[in-house]
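All remarks here apply to the structure that follows.
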Amino acid sequence: MQCAVISNRPLTEGFFHLSLAPEEPMGAITPGQFVMIRCCDFTDPLLRRPMSVADFEPDGSRFGLIVQTAGRGTGMLSHLVEGDRLDVIGPFGQGYNVPQEAKSVMIVAGGTGVAPFMTLAPTLAAGGKNVHVLLGARTKGHLLMEERFLHAGAQVHVATEDGSKGFDGLVTELMGKQLDHMDEPPDLALACGPAGMMRAVATLAEHSNIPCQVSLENSMACGFGACLGCVAHVRGEERYVTVCRKGPVFDSREVEI
Amino acid sequence: MQCAVISNRPLTEGFFHLSLAPEEPMGAITPGQFVMIRCCDFTDPLLRRPMSVADFEPDGSRFGLIVQTAGRGTGMLSHLVEGDRLDVIGPFGQGYNVPQEAKSVMIVAGGTGVAPFMTLAPTLAAGGKNVHVLLGARTKGHLLMEERFLHAGAQVHVATEDGSKGFDGLVTELMGKQLDHMDEPPDLALACGPAGMMRAVATLAEHSNIPCQVSLENSMACGFGACLGCVAHVRGEERYVTVCRKGPVFDSREVEI
Amino acid sequence: MDISVDFSGIKLKNPVVGASGTFGYGLTYEKFFDLSLIGGFCTKGLSLQSRAGNPIPRICETPSGMLNAIGLQNVGLDKFTSKKMPKLRKIDTAVIANFFGETVEEYTELAAKLDAIDGVHGLEMNISCPNVEKGGAAFGTDIKTTEAVVKACRSVVKNKPLIVKLSPNVTDISEFARVCEASGADGLSVINTLVGMVIDITKRKPVLANGAGGLSGPAIRPVAVRMVWQCYKAVKIPIFGIGGIASARDVVEFIMAGATAVQVGTMNFVSPGIIPQLAEELPELLRRLGADSVTELVGAAHRD
Amino acid sequence: MDISVDFSGIKLKNPVVGASGTFGYGLTYEKFFDLSLIGGFCTKGLSLQSRAGNPIPRICETPSGMLNAIGLQNVGLDKFTSKKMPKLRKIDTAVIANFFGETVEEYTELAAKLDAIDGVHGLEMNISCPNVEKGGAAFGTDIKTTEAVVKACRSVVKNKPLIVKLSPNVTDISEFARVCEASGADGLSVINTLVGMVIDITKRKPVLANGAGGLSGPAIRPVAVRMVWQCYKAVKIPIFGIGGIASARDVVEFIMAGATAVQVGTMNFVSPGIIPQLAEELPELLRRLGADSVTELVGAAHRD
Ligand SMILES: Cc1cc2nc3c(=O)[nH]c(=O)nc-3n(C[C@H](O)[C@H](O)[C@H](O)COP(=O)(O)OP(=O)(O)OC[C@H]3O[C@@H](n4cnc5c(N)ncnc54)[C@H](O)[C@@H]3O)c2cc1C
Ligand SMILES: Cc1cc2nc3c(=O)[nH]c(=O)nc-3n(C[C@H](O)[C@H](O)[C@H](O)COP(=O)(O)OP(=O)(O)OC[C@H]3O[C@@H](n4cnc5c(N)ncnc54)[C@H](O)[C@@H]3O)c2cc1C
Ligand SMILES: Cc1cc2nc3c(=O)[nH]c(=O)nc-3n(C[C@H](O)[C@H](O)[C@H](O)COP(=O)(O)O)c2cc1C
Ligand SMILES: Cc1cc2nc3c(=O)[nH]c(=O)nc-3n(C[C@H](O)[C@H](O)[C@H](O)COP(=O)(O)O)c2cc1C
Ligand code: FES
Ligand code: FES
């Protein structure tokens with residue numbers, strides 16, 4: 001699927017927002033799903049890069065990505081300008097699944113992990129749910145999308161590792177404190193971020209008996225279930241599941257993180 | 001050597017002129033010398049691409065290339081825009097060597113083979129030599145630098161393979177006719193273009209007993225004499241010479257073309 | 001132009017086939033295109049019992065290639081027969097069952113069972129597997145073991161072409177090609193992955209949990225072309241050319257080196273529609289090269 | 001930080017060395033940098049008589065790599081001694097003389113003569129050459145011939161370290177590593193090029209005049225790292241890690257796999273200043289990895 005680059009907007013240092021218009025409309029998107037991006041026409045780097053879909057139009061005519069420059073592929077994406085074309089396939093995988101009954105939802109996002117919640121948090125808030133968004137970053141300047149979540153009517157709590165804004169520490173420590181202080185624990189926790197953070201969020205949620213969905217970022221060769229390279233170990237079984245197809249969002253008790 | 005792209009100007013279809021400013025001035029350039037260009041930062045395509053230096057400032061502060069989009073590397077070069085940076089090494093090799101005594105010079109250029117003559121032809125004409133430039137192209141629209149050679153005071157003769165302008169046929173056929181019709185043969189022939197053309201020019205010049213210098217475009221891995229990949233067979237000997245170091249310009253009787 | 005080929009009795013509509021382990025059981029690709037457009041595909045390597053595969057990480061990108069150590073995760077023969085085959089029988093494309101064992105008996109049992117499955121068009125033996133009876137070195141890197149396992153399978157496979165997929169991790173692949181032909185193989189698949197390793201310098205250990213893995217992708221193409229060339233010189237049975245195919249040019253390159261048909265592996269991950277695309281581009285390229293069929297170009301680079 | 005290493009008695013200022021056939025006789029690179037900045041270099045392979053080399057084309061680009069069939073063009077021992085050595089003696093860097101023959105006698109004669117040349121710091125035997133006495137298969141792909149030629153050279157080399165450069169085109173490289181060690185080699189160079197081929201589909205023949213050629217560059221790095229890893233497990237003598245090195249990360253990768261020092265080949269063509277650049281970047285990278293020397297990281301990826 002060829003996409004036209006509509007804009008490439010720098011966010012904080014090392015992060016940018018790419019807005020893309022598919023030449024044919026994409027299928028329906030669930031927040032938490034991802035696309036696979038070809039960063040160059042040649043064979044080095046060879047494989048596509050997985051990127052969560054961030055904001056998107058319901059009719060599939062446009063979608064956005066929040067990208068962190070991590071290496072070669074994302075470095076090339078950072079140079080895209082309006083009018084360039086990009087080869088994208090997807091959306092793939094299973095997104096977050098918020099049951100009707102969940103009245104209060106805690107979202108924990110680190111770095112580009114805010115991406116899936118750009119659309120999901122406003123939808124949940126608009127649907128009358130009580131939404132807490134916990135945002136983590138290394139420093140104040142790296143916080144992403146705080147305004148957007150505030151505007152959507154979510155309660156936003158910020159943690160920075162250098163204490164330059166909000167809670168002084170990791171977002172998962174903040175989550176622990178929040179859970180301790182809340183009158184009623186949330187009905188559901190949703191998280192997206194690096195593996196270490198997912199592990200900590202899952203542990204906290206389990207201790208508090210809160211159902212929790214995490215998004216895994218395993219390395220992927222294909223993104224659609226063909227290579228069996230991205231698998232996660234199923235908890236307590238001698239069996240693996242494909243993160244790209246059965247995930248990337250999993251119930252935290254289902255897989256080893 | 002990092003160069004800044006000053007401009008990238010389309011010439012005729014599939015050809016463009018790149019103007020580059022080295023960050024540190026390059027060494028002295030002789031027309032016929034070439035540079036080696038890194039087309040991408042990754043490993044595919046891996047090797048640098050050789051390109052003749054076309055126009056240049058004598059102080060090495062700027063030089064130009066005439067590039068034909070032939071494949072992947074040149075395709076990438078075609079997308080460069082003002083302000084981009086390019087990794088270049090050189091100049092390398094031996095250029096054309098026009099002895100003082102040569103009063104009349106015939107230049108035969110096909111396609112991007114005009115490059116080395118952009119500076120050389122005007123210099124020779126300004127030095128009082130009688131300069132004939134024979135330009136070949138597939139069709140009228142593909143002719144390069146005709147104006148420039150006319151302005152420089154050279155006599156320009158054009159051949160197109162489809163007869164859309166000038167002589168109807170190959171530039172080497174035109175060369176044959178010219179040699180037949182000239183009162184006095186030129187003292188020297190200089191040629192640049194595809195291997196088949198170089199072979200034909202050399203044969204014609206030898207038949208007319210005119211000293212002839214040709215430029216060879218053998219594949220090169222390094223461009224500076226280290227790989228021994230670009231060699232040409234020395235005529236009549238069981239020995240090879242490096243085209244990148246002893247050439248690319250050779251006396252046509254020295255090597256097998 | 002008719003670009004169909006006959007590979008030892010397997011009729012391929014076109015010579016572009018999905019390589020084992022990169023094409024699932026075919027159905028994974030149904031969301032990208034109609035499977036009846038492609039020549040055929042090789043299933044993920046099948047074993048008697050289902051297999052969980054290796055611990056993670058299992059993959060790692062390399063320059064113009066990738067390493068994998070999937071560990072032959074597969075659904076097992078029974079589930080393949082009951083769950084996948086009913087769907088595959090409805091699709092007009094060649095299904096080639098790739099299989100492996102850890103003992104000669106496992107190979108033979110699988111071969112016999114696959115030979116009996118309706119809708120399977122051919123069998124592809126993967127002999128790059130560790131031979132548990134002989135200390136774990138791959139079957140396919142020892143000439144005697146190769147001979148033994150191919151002969152054993154040959155004796156039980158009565159109905160379908162038996163193709164042997166060779167390991168490139170050997171000194172002289174033509175020796176293996178010859179022994180397979182002499183032992184009754186109907187065709188060869190050349191090549192499986194080269195053994196490689198990438199080290200994570202911050203963790204001071206190999207990136208893959210398994211240590212080493214199989215290198216595939218465009219990086220290995222020149223090695224694969226050379227090996228197809230060698231095998232073509234050595235044997236008369238048809239050859240599947242495999243290794244880094246990414247364009248119609250590459251397909252023709254393998255055919256000229258001596259392949260009757262080709263398999264595309266890693267590039268399916270990058271371009272899931274690549275197999276039908278190459279099949280579509282092929283006739284025009286053949287025409288430009290002055291050829292009227294695939295068959296006339298098989299081994300063309302060997303002629304003088 | 002001191003990044004010097006001792007390679008079997010050859011003192012290298014830093015562990016980054018120019019690989020044979022990509023570094024001329026060193027002097028070619030003088031226009032790019034001061035040769036005394038680099039650990040050392042291996043000369044283009046030397047023979048008793050000068051050699052014209054193979055017909056052209058000799059090189060071809062491949063995905064993340066290149067093929068070459070230079071055919072061991074070199075100035076010959078005499079000219080090397082009389083023309084190159086006087087200049088090289090003035091430069092403070094390790095000169096390793098790479099050499100080859102077509103018979104055991106040629107190897108031995110060369111080894112003895114090189115051993116006597118003042119200013120040569122070490123000898124690197126290239127055994128990937130065709131053995132004319134044994135039908136042209138490479139010395140280095142037959143275990144018995146490898147043993148014979150290494151033993152023969154060992155018996156005449158008295159003064160300088162004798163390093164054997166192994167061919168990767170074998171089933172089990174550790175077997176070759178062991179036989180070299182047992183035959184008296186002081187070190188190993190791992191790896192030479194993989195045999196590959198590219199076909200020109202319009203001409204319907206291989207691109208290289210020689211047919212096949214040697215594949216080098218980043219494409220082969222994972223294979224090279226795996227082979228260094230295997231050799232490190234097999235022997236105690238030091239190893240030069242070679243194959244596709246393009247960054248300081250790659251240097252460390254080979255060291256962790258078991259290399260005492262590394263050689264950079266193909267990437268010199270792309271970045272003629274790469275060797276001093278890597279040597280310069282290495283201390284900072286080691287620091288980031290928590291290491292105080294190169295030596296402590298040799299084989300680090302083998303520890304658990
Ligand atoms: C489902 C999913 C969703 C994702 N969503 C997003 C998203 O929304 N936004 C986003 O920015 N990212 C997202 N990611 C992560 C993203 O895919 C990676 O950051 C991206 O693939 C990096 O590619 P690259 O080419 O830029 O980096 P690479 O060049 O591949 O390098 C990545 C990192 O690994 C290191 N590295 C590479 N090779 C080696 C080696 N051999 N040894 C040691 N270190 C090495 C590099 O130095 C770098 O730090 C997602 C991942 C998944 C799986
Ligand atoms: C001394 C010298 C000076 C030169 N000066 C100039 C100059 O001034 N201007 C200029 O434009 N060019 C010049 N050239 C030529 C230029 O270097 C080449 O056109 C360039 O290297 C092509 O690179 P590419 O990556 O664009 O093409 P590539 O992608 O390398 O392809 C080049 C051509 O080969 C074909 N090809 C590639 N690989 C294969 C394969 N495996 N099998 C079959 N066909 C294949 C492609 O289809 C294409 O037609 C010069 C060359 C030399 C040696
Ligand atoms: C992820 C992955 C899994 C593979 N699994 C198998 C397998 O189960 N059986 C097999 O015979 N080959 C397997 N292969 C090898 C491929 O079929 C093919 O031989 C190899 O990858 C070279 O082709 P390519 O470069 O086009 O990928 C696998 C390759 C990859 C990349
Ligand atoms: C053009 C070229 C010529 C080579 N010549 C020799 C040689 O004469 N002797 C030798 O032992 N190795 C030779 N090699 C092999 C290299 O020394 C090295 O082992 C190989 O290229 C792998 O390293 P690389 O990937 O860094 O290039 C040559 C390699 C290239 C590319
Ligand atoms: S990325 Fe290939 S199966 Fe998940
Ligand atoms: S291009 Fe390397 S020697 Fe000429």
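Only heavy atoms go into these numbers, but all of them, side chains included; no hydrogens, no water, no symmetry mates. Lettering of chains follows the sequences in order, A, B, ..., and the numbering in each one begins at 1.
- Here the OG-CE distance, from A/S215 to A/M197, works out to 10.5 Å after rounding to the nearest 0.5 Å.
- Atom CD1 of residue C/I191 and atom OG of residue C/S167 lie 8.5 Å apart, to the nearest 0.5 angstrom.
- Heavy-atom neighbours of C/E280 CD from other residues, nucleotides or ligands within 6.0 Å: at or below the threshold of 12.
- Here the side chains of C/L27 and C/K84 are in contact, with some heavy-atom distance below 4.5 Å.
- Rounding to the nearest 0.5 angstrom, the gap separating the CG atom in A/D84 from the SG atom in A/C3 is 12.5 Å.
- The cationic atom of C/R58 (NZ for Lys, CZ for Arg) lies less than 6.0 Å from the six-membered ring centre of A/Y240 and within 45° of the ring axis.
- Residues of residues 86-98 of chain A lying under 4.5 angstrom from chain C, judged on non-hydrogen atoms, are A/I89, A/F92 in numerical order.
- Around atom NZ of C/K13, more than 12 heavy atoms belonging to other residues, nucleotides or ligands sit under 6.0 Å away.
- Within residues 65-74 of chain C, the residues having any heavy atom less than 4.5 Å from a heavy atom of chain A are, in residue-number order, C/G65, C/M66, C/I70, C/Q73.
- Side-chain contact check for A/P248 versus A/F34: some heavy-atom pair is nearer than 4.5 Å.
- Of residues 264-275 of chain C, those residues with a non-hydrogen atom less than 4.5 Å from any non-hydrogen atom of chain A are, in numerical order, C/T266, C/M267, C/N268, C/F269, C/V270, C/S271, C/P272.
- Within the 4.5 Å cutoff, no side-chain heavy atoms of C/T43 are placed close to those of C/V120.
- Of all residues in residues 197-228 of chain C, those placing a non-hydrogen atom less than 4.5 angstrom from a non-hydrogen atom of chain A are C/P218.
- Looking at C/Y25, neither its backbone nor its side chain comes within 4.5 Å of chain A, counting heavy atoms on both sides.
- Note that OG1 of A/T69 is 12.0 Å distant from CE of A/M76, once rounded to the nearest 0.5 Å.
- Using a 4.5 Å cut-off between heavy atoms, A/M220 touches chain C through its backbone atoms (N, CA, C, O) alone.
- The closest side-chain heavy-atom distance from A/M118 to A/I66 is below 4.5 Å.
- Sparse packing is recorded around CD of A/E24, with 12 or fewer heavy atoms of other residues, nucleotides or ligands lying under 6.0 Å away.
- Here NE2 of A/H233 is found 14.0 Å from CD1 of A/I257. Values are rounded to the nearest 0.5 Å.
- Proximity of the aromatic rings of C/F254 and C/F240 is defined here by a centroid distance below 6.0 angstrom, and this criterion is not met.
- Annotation: A/E206, atom CD; neighbour count of heavy atoms from other residues, nucleotides and ligands within 6.0 Å is above 12.
- Atom-to-atom distance recorded for C/K165:NZ and C/N98:CG is 5.5 Å, nearest 0.5 angstrom.
- The number of heavy-atom neighbours closer than 6.0 Å to CZ of C/R89, taken from other residues, nucleotides and ligands shown, is above 12.
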